[in-house]
Amino acid sequence: MARANNVTELIITGLFQDPEVQGVCFVLFLPVYLATVLGNGLIVAVVSVSKSLCSPMHIFLSSLSLVEICYSSTVVPKFITDLLAKVKTISLKGCLAQIFFFHFLGVAEILLLVVMAYDRYVAICKPLHYVNIMSHQVCHMLVAGSWLGGLIHSTIQILITIPLPFCGPNVIDHYFCDLQPLFKLACTDTFVESVTVMANSGLIALCSFLVLVSSYIVILVNLRNHSAEGRRKALSTCASHITVVVLFFGPAIFLYMRPSSTFTEDKLVAVFYTVITPMLNPIIYTLRNAEVKNAMKKLWGKKNIGMK
């Protein structure tokens, strides 16, 4: 006989239990989230307005920043407000929605990083054909493909999760909804579902990581044939991308490539890729991209002139 699905609200344990520590986290993480939205939003606005930032690299950078805003906003606002709440709750439907968008935007970001690596490969290894290969139409198709890939992945994950019965307990040992913590609450064996969703996520992450590593190995080998100045410019551009890739995949490798342990470590690592990394990306790209910095200065100068 099937068990009744009578759980409609879930309780979230949060990151820490101590109210004073939660207050400190609120003071720390609220400015980080605001910086994430403002920093990435500034990049999106500058690329959209500036006529000089119309290259494929800047289109991808703007798309990545937009994904970062949405990705961070899926988890962080709820997490920050929960830091001030005595009892942290979320509806089951809200939990499923958070899981859907979290995985949707996470995979979209992974695929965008792969697309950006491909763009750098074509620019450095096939410079004479770059304009024809990376046309604006192709760029927009690659961006759309990244979002579509994330949508397909997330739809599969959520279709596996929705049929599961939840009849108690209703406490999630995390600070946001994710698949594995939710599976622990299902009143049925979820071994097959857990393996399926892990394989789905793991296969995308592993394949993407191998493509990224391979592309940069090819790029570094190809740079031997460039001049010293050409190598410097290429390495400067690629360094930003490699840094973001390491920041994104590092925590994922830590979580999925080690024996299972307590959720405390998982939650602390999750803070890094849900709260910290989205804020760092615009800083990394802006500081190393002279064109973006110059465009910002020009727009700031026009704004000051307009105010006078």
Parallel, tilted or perpendicular: rings of Y71 and F102 (30°, 60°): parallel
Modelled atom types, side-chain donor and acceptor of Q22 and K88, under 3.5 Å: yes
Steps toward side-chain hydrogen bond (donor to acceptor under 3.5 Å, both in side chains) verdict (Y175, T13): CA-CA 6 Å; Y175 66 87; T13 60; over 6 Å; no
Main-chain N/O of F100 paired to S154 side chain as donor or acceptor, under 3.5 Å: yes
Under 3.5 Å: donor-acceptor pair, side chain of S194, backbone of T190: yes
side-chain contact (heavy atoms from CB on, under 4.5 Å) between L164 and E193, intermediate numbers included: CA-CA 9 Å; L164 294 175; E193 288 82 0; 3.9 Å; yes
Steps toward side-chain contact (heavy atoms from CB on, under 4.5 Å) verdict (F272, L247): CA-CA 9 Å; F272 189 79; L247 288 173; 3.6 Å; yes
Transitive ILVMFWY side-chain link F249 to L206, under 4.5 Å: no
Worked check of ring pair (Phe, Tyr, Trp, His ring centres under 6.0 Å) between F79 and F176: CA-CA 7 Å; F79 166 50; F176 68 96; 8.6 Å; no
L15 and L268: CA distance, side-chain angles, deciding distance, side-chain contact (heavy atoms from CB on, under 4.5 Å) verdict: CA-CA 8 Å; L15 187 60; L268 292 175; 4.2 Å; yes
Donor-acceptor pair between Q157 and S201 side chains, under 3.5 angstrom: yes
Check: C177 main-chain N/O paired with Q98 side-chain donor or acceptor under 3.5 Å: yes
L212 versus A117, closest heavy-atom pair with distance: CD2-CB, 3.5 Å
Test log, rule side-chain contact (heavy atoms from CB on, under 4.5 Å), inputs R120 and M57: CA-CA 8 Å; R120 291 302 87 204; M57 180 179 66; 3.8 Å; yes
Same apolar cluster: V246 and I217, side chain cutoff 4.5 Å: yes
Given F60, F248, Y216, the one that forms ring pair (Phe, Tyr, Trp, His ring centres under 6.0 Å) with H241: Y216
Smallest separation among heavy atoms of P56 and C139, with atom names: CB-SG, 3.3 Å
Any donor-acceptor N or O pair under 3.5 Å, side chains N222, Y121: no
Heavy-atom donor-acceptor pair, K184 side chain to L179 backbone, under 3.5 Å: no
